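For reference, the structure discussed in these notes is given below.
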Amino acid sequence: MLFLRVTPTLPNLFINLASPIVDIPFHIFFLATLLGLIPASYITVRAGLALGDLKSVKDLYDFKTLSVLFIIGSISIFPTLLKRKRIYE
């Protein structure tokens, strides 16, 4: 569910309508929606702020922005890594 929220190719309306049909529990739907939409919202807000203060292309790739994006990506892929480890054990 989290992967579907992070993937930009599927519209959120489709995910919202299909979740009860495939019997996704509400707590999983809620947490995946919360964690899946935060990175996209953060990137959108950060891009708007960066474009407003942009003086050079180098300003887009500062250490703080890259580290926050890396942390968000790591958190979103962490459940997949845990599930994969349990399957192989």
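Predicted model only: the values in this text are computed from it and were never measured.
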**OP:** Using modelled atom types only, decide if a donor and an acceptor are shared between the side chain of Ser19 and the backbone of Asn16 within a distance under 3.5 Å.
**Re:** no
Original post:
Apart from Phe63 itself, what residues make up its hydrophobic cluster when side-chain heavy atoms of I, L, V, M, F, W and Y under 4.5 Å apart count as a link, directly or indirectly?
Top reply: none
Subject >> Those residues that, when tested against Phe14, pass side chain to side chain contact (heavy atoms under 4.5 Å, CB included) (two or more places apart) >> reply: Leu10, Pro11, Ala18
Name each donor-acceptor pair under 3.5 Å that joins a side chain in residues 21-34 to protein atoms two or more places apart or in another chain, with its distance.
from	atom 1	to	atom 2	distance (Å)
Thr33	OG1	Arg5	NE	3.2
Thr33	OG1	Arg5	NH2	3.2
Thr33	OG1	Phe29	O	2.7

Original post:
Which ILVMFWY residues are connected to Leu17, directly or by a chain of links, through side-chain heavy atoms under 4.5 Å apart?
Top reply: Leu13
**OP:** Sequence neighbours left out, what passes side chain to side chain contact (heavy atoms under 4.5 Å, CB included) with Tyr42? Give chain and number order.
**Re:** Arg46, Val68, Leu69, Ile72
Original post:
Using a side-chain heavy atom cutoff under 4.5 Å and only I, L, V, M, F, W and Y, what cluster partners does Ile71 have?
Top reply: Ile75
